[in-house]
Structures are given as C-alpha cells and as structure tokens.
Protein chains: 2
Amino acid sequence: MDQVKQFNDYLNRKGLKTTSQRMIILETFLESDSHYSTEDLYLKLRAEYPKIGYATVHRTLKLFAECGIAAERNFGDGQTRFEPIDAEGHHDHLVCTECGLIIEFEEPQIEELQKTAAAAHKFTIESHRLELYGRCAACVAAGD
Amino acid sequence: MDQVKQFNDYLNRKGLKTTSQRMIILETFLESDSHYSTEDLYLKLRAEYPKIGYATVHRTLKLFAECGIAAERNFGDGQTRFEPIDAEGHHDHLVCTECGLIIEFEEPQIEELQKTAAAAHKFTIESHRLELYGRCAACVAAGD
DNA sequence: TAGTTTATGAAAATCGTTTTCAATATCTCA
DNA sequence: TGAGATATTGAAAACGATTTTCATAAACTA
C-alpha cells in the first residue's frame, strides 16, 4: 500500500503522530472506493470501532486531503465528500440528480482541452473538477 | 431586460407576488456580473436599502436559480455563490487558489466531449460544472 | 522511562443556510 | 376601489455540517 507510506511520510514530515485511530481510519477509507462524507465514514467505522469519535474521523479525512491521498468533493448536497486518489489517474463524475448515483469516467481529451483553455489565460493549473449532472439510464427508463 | 420578464413570468406562473424587494434585488444582481454569495449581495444592498433583510436576499437568490436566471456555484470556500446566466451561452471557470480571482471561459469542444462521455454511460445531461483551479498569471509572476 | 508534545473524544461553538412567526404588502374580484 | 385571501417580509431562532475547546490519554524523544 503506497498510500499508507505517503500518509506516514506526511505525518513524520509535519511532526505529527502515528496513532491507532489514524491507521484504522486510513485502512477503512482505502478499502472502498466510495465517496465518503465524514458522517458516512464515521458510521461505517462505528460498527467495528465504537470508540472512534466523529471529530477524529473528520480531522483525519482533512489530513488525507492535505497529504494528497484524498480529494475533497462537493456535489451540491451540502456535504463534503472525500474519495481516495488512485495513483493511476484522474477521473470525473456523472451525478444522477434523481437517485444520487455517482459514476466515474475518464476523458483524456477533455484534460487536454482544459490545458489549452488555461494556457489562453496564462493560468497554471493545479487541479480541476468536472461534474455532469443529469439522469441515469435507470431513472430515465423509470419515467418521471 | 429579458431577465426581468423571465423572472416576472415565473412569479406569475407560480402564483407568487411581485414585491419591491424582489425587483430591487434583481436589479442589483443583474447590474454586476460578479459571483455573489448571499452575504455579498446583502452587504451591497444594505448600503442603499438598509431595510432589506438577509433572509429575503437569500430567498430571492434561490428564486433566481429556480427560474433559470441565476446559476448556483460552489468554489470550495464554503459559500454558495450565484451568478447571472447570460442568454448567450454557458461558460466555465478558472479559479486562482492564491488570490481568488475568477475568470470565465468557454470551450465548446469540451461541451461536445462531455456529451460523448455521458452518452457512453447512458446519462441524460441536464447541466454540468467545470472549474480549473490553479494560479493566475499575476500570482505566478509574484512568486510564492 | 520520564518528560514533552500531540491526539483523542465529548461537548460546545461556529458558520452558512433555512425556517418560524407575527406583522405587512400584494393581488383578486366583487 | 377596497375588503378578503394569500404570499412576503424581517428578525430571530433553528438547523446541519464543520470546527474548536479542553481535559485526559497516547505517542514520541532523549
């Protein structure tokens, strides 16, 4: 697990400590490729580790984002979600406005065009977010 | 002003009322092409119309979004922003992570590719958001 | 291992947003 | 036009997600 190393390196570099909670949260976070809100992950953890507090989960998720193993996302429902950043590459999201389904997709050509657009405005890109909102096949089929 | 008509039509259709506050807020909102948070617009209005309350500003911005003359945006700073939708067409955003500068840009080719990606997953697209985060020319020039 | 520093969990505080409610304004139609 | 019905307003309270506080516990350093 490369991400475990990346997290530990970050902790050391910042003079932070390796605690059992942080390791448990990291492990659980990486197990699934879901888009976790603090609440989601807290509830999932609570089943097995009832002692871990909500604040700790939230603080740890923020740490993940800081050290680059998680991305913070906001799909407009008022909750911040975190998802593991897989080393391979970036992906974007299709969000169903009816059932909430989230599908990930990749489109390298779009990435290229983004670079072009940024260059036209002399911007140095660090990151981006692209979300397409609409209705998934199932919801369309089910009618309104 | 086409947008004024669009707003009034919406109010009539929904059985809502045309009030002086709503007209003032609409006028002020359209005057500038900024990306207003409720707070921003409330403060701007307060200078000239100190009687207008925060809740009214917020409720009215939501109405603008509902009737299609404003778009709700979230650039990750924890505040929802509203911007007028100009009839011409859609645009996306470049956001400077250092100074907060927001630049609008259009890239029709990206829109095309989005349709392709959505079709591949049988999604019916209703809307999308694309934001590129990075550093603007001035901030890059100023060094870190 | 003692001493120092950081982390934890529970509760409280905070921030943006939304709702409540009594008073006020708008609209309808006689 | 003007009374009655209905929606809107503004202030304050409620709300939900996030962040902070603080005393206790755990991890690291030498």
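Letters A, B, ... are given to chains in the order of the sequence lines, protein chains preceding strands, and every chain is numbered from 1. Just so it is clear, the structure is predicted and the values come from calculations on it, not from any experiment.
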From CG of A/Leu16 across to P of D/dT29 the rounded distance in Å is 12 Å

_Between A/Glu72 and A/Leu61 (side chain of the first, backbone of the second, donor and acceptor by atom type, cut-off under 3.5 Å), is there such a pair?_
no

Taken to the nearest whole Å, NE2/B/His58 to P/D/dA12 is 19 Å

Check: Will you find, in the side chains of B/His35 and B/Glu104, an N or O donor that is under 3.5 Å from an N or O acceptor?
Finding: yes

Here the distance between atom P of C/dT6 and atom OH of A/Tyr10, to the nearest Å, is 14 Å

A/Lys14 NZ to D/dC28 P, in whole Å, measures 18 Å

- With a 3.5 Å cut-off and just heavy-atom distances, do the side chain of A/Arg81 and the base of D/dT18 make a donor-acceptor pair? no

TODO: For the pair A/Thr116 (side chain) and A/Glu112 (backbone), establish whether a donor and an acceptor sit closer than 3.5 Å, ignoring hydrogens and angles.
DONE: yes

In whole angstroms, the gap separating C1' of C/dC15 from CG of B/Asn74 amounts to 14 Å

note: A/Asp77, atom CG; D/dT18, atom C1'; distance rounded to Å ~ 14 Å

From CZ of B/Arg22 across to C1' of C/dT24 the rounded distance in Å is 14 Å

Atom CG of B/Asp40 and atom P of C/dT17 are separated, to the nearest Å, by 10 Å

